[in-house]
Every structure is written in structure tokens, then in C-alpha cells.
2 protein chains.
Amino acid sequence: MLRLSTKGQYGVRAMYEIARGSVAGPVTIKEISEKQHVSVAYLEQILNKLRRSGIIRSVKGPGGGYVLARDPGSISIGEILKELEGPVAITSCLDPKEGCVRVDSCVTHLLWKSLGDNIERFLDGMKLQDLLQGNQLMGLDRRDTGKNTHAARRGRPA
Amino acid sequence: MLRLSTKGQYGVRAMYEIARGSVAGPVTIKEISEKQHVSVAYLEQILNKLRRSGIIRSVKGPGGGYVLARDPGSISIGEILKELEGPVAITSCLDPKEGCVRVDSCVTHLLWKSLGDNIERFLDGMKLQDLLQGNQLMGLDRRDTGKNTHAARRGRPA
DNA sequence: TAATAGCCGAGTATTTCTGTCAAGTATTTA
DNA sequence: TAAATACTTGACAGAAATACTCGGCTATTA
Ligand code: FES
Ligand code: FES
């Protein structure tokens, strides 16, 4: 249950490659395709969306490719996924494009909303930078409370 | 993104009705159908699965219907959903039935695993009882750390 | 035995997903 | 300017999952 589409998955992996290679100049679709085992044609579709959203920039012509438009520390996984798959919407009632008439009398609305918020908080908090550094484990708690900080939270001091 | 199927949604709503009405005897599919606006035929399919898993029991014949097989405080939303939609598996690589060969070299595996665990913790922690009592808001933190307990955690003392 | 209510397996329409394809545009270098 | 490189765009098609429906059967009770 709750599966992510391949578009979202490939998108994140592509962004990882771009972030990784950007330091040495633009990264071509072909490179991403080879390293991440995704077809060039499919990647075109994905990267186009991300470019339109302003999250990456493209450079045409020989020597061209894609470059990060912003700092990897300011780009969240949530942002990438939302661009490719739309907002987190556990149910159609939670989708801003659909909505629901009987929200008020609904027993489960708040439950799904709460779950959705939880997921969104996770995805927005996880940055591309974390992926680069291998900090893919989000601590059990999102906030340090001073006490039980034995297992979690490497990196991202600020 | 990350939408729950209607089966899961209806399943939870049906369980709510059964829990609610169980005190006054078995609840019929027809009643659930009317109260939750889901067709009888579809509900049959859903409740059958839940019955086979032992989460509810059925009573045949006139005056029959469905009854909770266990205490509503011991039945979690996660349990209901897993029975109807299979395990939480953000990607196919996380699905126990599929798996992946290059887990070790994968940059994103841990990320999705972490997200999945997060979701599962939420769903397993939320009980049917909470739905009955209107405690559908899961606090921002799942655990009380002694300090900042101003906003969260009503009910379920043990 | 007749009415009630659940049990079960198949089947189908629809939608979403997962890509492919072909033709085009922009940029750089020789 | 011509060739080569790379991105751009929209349409489309096969596969899979979803969201149901249908028809007939079984158990229980009055
Ligand atoms: S039915 Fe729309 S919010 Fe529950
Ligand atoms: S490709 Fe399977 S775990 Fe990432």
C-alpha cells in the first residue's frame, strides 16, 4: 500500500546524479540514464517537469546538460516529488483539486489528514544534501528534545 | 501522490461502524452500506478479507451481521489496511514479495525505508478505539519525552 | 420451509501507470 | 554556415491496478 510511482523515484535519483555531478559542469541525460538504469526518453519527460518548476536549469548544445538551480541544502525530496506527482493526498478528499462535501461529518478525514501531514513533514525535512551525505535516516523524532538523543540525527546542524 | 485505495478507506469506515454498533448486537452489511455510502457488493468483498484475518467475526441468519473479534483498543488502523492492501511498500524494492538485487549500492533505499517505517509507526499506533473517541490526531511526536506535552496525546494512558 | 444474511468466485469497465516515438528547437564549434 | 550535440514537446500505446458488479450458494432462525 501507498506506493510511490516510478516517476517520483526516478526523479529523486536523477536529482541525486545532477547534484553529484554539477560541481564538474552540466550532467547529460545520457549519463543519468546509464548510472541509474532509466531510459533516456523517460528521463526527458521527468527532467522537463523539474526544469519548468525551476528546480534545475538546462544548458543546450555540446557540453550541455542539467545543473541544479539552487543549493542542494535548500532542495527537499518533498519538493521534487510534489512537482512530479502532485501534492500528498492520501484520499481524494484531501486533494485540493477534488475536495469533499461532507468533511465535517466524516469520521476518518482528520485521520488521513494527520497521516498526510506527517508524511509531508518527513519529505520536506529531507534535503538533497542529506542524500549526498548519506543521511537518509530520519530520526524517530523529528525534533531534538534535549533528552533521548542517542540514536538519531547526524548532520544538518542548523 | 501516495494515495490509499478505496478498499482501504472503506475498510476502515466499515470497521468504525462495526465497532460502534457491536455493543447492540451484530451489524449488517446493509447498515454499513447506508451509513457509509458504499455498495453492499463491494463491502462483501472487503469484509470477507477482514473476517478471514480474524479481525471480525460474522453471524449468519436473521439478526446476524458482523461483530468485532477483539477489543477496539487492540485493533490498529495499520492492521486493517495491511490486511486489505498488503504491507506498506513505498517502492517495489521494499515489497517483501519482490525485493531488489542492488539494495547495497542504492542511494535511495534507506530513504524510502525510513519513510515507510515512519508511516507504519503512525498507522500501527492509531487504534480503532481512537477513532471511536475522536482522537484522530496523532501528536507531532509519537513519544512523550517529559517536556513539551502541550498539544498532543489525549487518551490511551497505558 | 421460508426468509434472512453472509459467502464466494468470476468477470468487466475504467483509470492510472509506465513508458516509447517522432519531429523540432537551441547552442556551440569547426 | 554546417554539423554535432542536447534539450523540448506532444501524442500515443500497452500493461497493470483499481473499483466495482453479478449470480448463485450456504448457514441460521423463526
Ligand atoms: S468522505 Fe470526504 S472527508 Fe471523508
Ligand atoms: S533500486 Fe532497489 S533498493 Fe534502490
Side-chain angles (χ1 to χ4, degrees), chain A residues 1-11 13-14 17-18 21 25-34 36-67 69 81 84-86 89-92 95 97-98, chain B residues 1-11 13-14 17-18 21 25-34 36-67 69 81 84-86 89-92 95 97-98:
Chain A
M1 75 170 124
L2 290 173
R3 190 159 299 184
L4 213 56
S5 81
T6 57
K7 227 163 194 161
Q9 295 176 49
Y10 296 166
R13 305 221 301 243
E17 289 299 336
I18 294 171
V27 181
T28 68
I29 286 188
K30 191 144 170 277
E31 288 178 274
I32 301 174
S33 168
E34 282 162 5
Q36 293 292 338
H37 310 95
V38 180
S39 86
V40 169
Y42 201 20
L43 278 172
E44 280 175 348
Q45 211 180 102
I46 294 167
L47 294 181
N48 243 301
K49 270 196 168 179
L50 293 176
R51 182 185 52 80
R52 284 199 207 100
S53 82
I55 208 172
I56 53 177
R57 279 184 307 105
S58 67
V59 183
K60 287 192 172 185
Y66 288 92
V67 195
L81 292 179
L84 294 171
E85 303 195 27
I90 306 297
T91 69
S92 63
D95 193 321
K97 264 175 294 193
E98 312 197 33
Chain B
M1 72 171 127
L2 291 174
R3 190 159 302 185
L4 213 56
S5 80
T6 56
K7 228 164 195 161
Q9 295 175 50
Y10 297 166
R13 305 221 300 244
E17 289 298 338
I18 294 172
V27 180
T28 69
I29 287 188
K30 190 144 173 277
E31 286 178 275
I32 301 173
S33 168
E34 281 162 5
Q36 293 293 337
H37 310 96
V38 179
S39 84
V40 169
Y42 201 19
L43 279 172
E44 280 178 350
Q45 212 181 103
I46 293 168
L47 294 182
N48 245 304
K49 269 195 168 180
L50 294 175
R51 182 184 51 81
R52 286 199 203 100
S53 82
I55 210 173
I56 51 176
R57 280 184 307 106
S58 66
V59 182
K60 287 193 171 182
Y66 289 93
V67 195
L81 293 178
L84 293 171
E85 303 195 27
I90 306 298
T91 69
S92 63
D95 193 321
K97 264 175 293 193
E98 311 199 33

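Here is how names work: the chains are called A, B, and so on, in the same order as the sequence lines, proteins then strands, and each is numbered from 1.
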Worksheet item: Taking it one step at a time, do K49(A) and Q45(A) satisfy side chain to side chain contact (heavy atoms under 4.5 Å, CB included)?
Response: CA-CA 7 Å; K49(A) 270 196 168 179; Q45(A) 211 180 102; over 6 Å; no

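- Residue I29(A) is classed as a sugar-phosphate contact, given heavy-atom separations below 4.0 Å to backbone atoms only.
- Residues G11(A) and L50(A) approach most closely at O-CD1, 4.4 Å, considering heavy atoms.
- Summarising the geometry, the separation between CD on E31(A) and C1' on dT5(D) is reported as 13 Å, rounded to the nearest angstrom.
- Within the structure, a side-chain polar atom (N or O) of T6(A) is placed less than 4.0 Å from OP1 or OP2 of dT18(C).
- In this structure, the nucleotide among dT5(D), dT20(C), dC7(C) sitting nearest to the side chain of E44(B) is dC7(C).
- Both L4(B) and V27(A) lie near DNA chain D, and the one whose nearest nucleotide falls closer to the 5' end is V27(A).
- Spacing between atom NE2 of H37(B) and atom P of dC20(D) amounts to 14 Å, rounded to whole angstrom units.
- Side-chain atoms of P62(B) lie closest to dT29(D) of the nucleotides dT29(D), dC7(C), dA10(C).
- A pairwise comparison of heavy atoms in S5(B) and E85(B) identifies OG-OE2, 3.0 Å as the closest pair.
- Regarding L43(A), its CG atom lies at a distance of 15 Å from the P atom of dC21(C), rounded to whole Å.
- Atom CG of L81(A) and atom P of dC17(C) are 14 Å apart (whole Å).
- Taking every side-chain heavy atom of S58(B) into account, dC7(C) is the closest of dC7(C), dC22(D), dA26(C).
- Across dT27(C), dT21(D), dC8(C), the shortest atom-to-atom separation from the side chain of K60(A) is found for dT27(C).
- At whole-Å resolution of the value, OH in Y10(A) and P in dT18(C) are 8 Å apart.
- Regarding I46(A), its CD1 atom lies at a distance of 15 Å from the C1' atom of dT9(D), rounded to whole Å.
- When each of dG10(D), dA19(D), dT18(C) is scored by its nearest atom to the side-chain atoms of Y42(B), the top-ranked nucleotide is dA19(D).
- Side-chain N/O atoms of T91(A) and Q9(B) include no donor and acceptor closer than 3.5 Å.
- Among the protein residues, R3(B) comes within range of no part of the nucleic acid, since none of its heavy atoms lies under 4.0 Å from any strand.
- Whole-Å rounding puts the M1(A) CE to dA17(D) C1' distance at 16 Å.
- A distance-only check finds a donor-acceptor pair linking the side chain of R3(A) to the backbone of A89(B) [under 3.5 Å].
- With rounding to whole Å, Q45(A) atom CD is found 11 Å from dC17(C) atom C1'.
- Phosphate contact (OP1/OP2 of dT8(D), side-chain N/O of R51(A), threshold under 4.0 Å): present.
- Taking CG of L43(A) as the start and CZ of R13(A) as the end, the distance is 9.5 Å to the nearest 0.5 Å.
- Within the structure, every side-chain polar atom (N or O) of N48(A) is placed at least 4.0 Å from both OP1 and OP2 of dC7(D).
- The shortest distance between the side-chain N/O atoms of T28(A) and the OP1/OP2 oxygens of dC7(D) is not below 4.0 Å.
- Taking side-chain N and O atoms only, Y66(A) has no distance below 4.0 Å to OP1 or OP2 of dA6(D).
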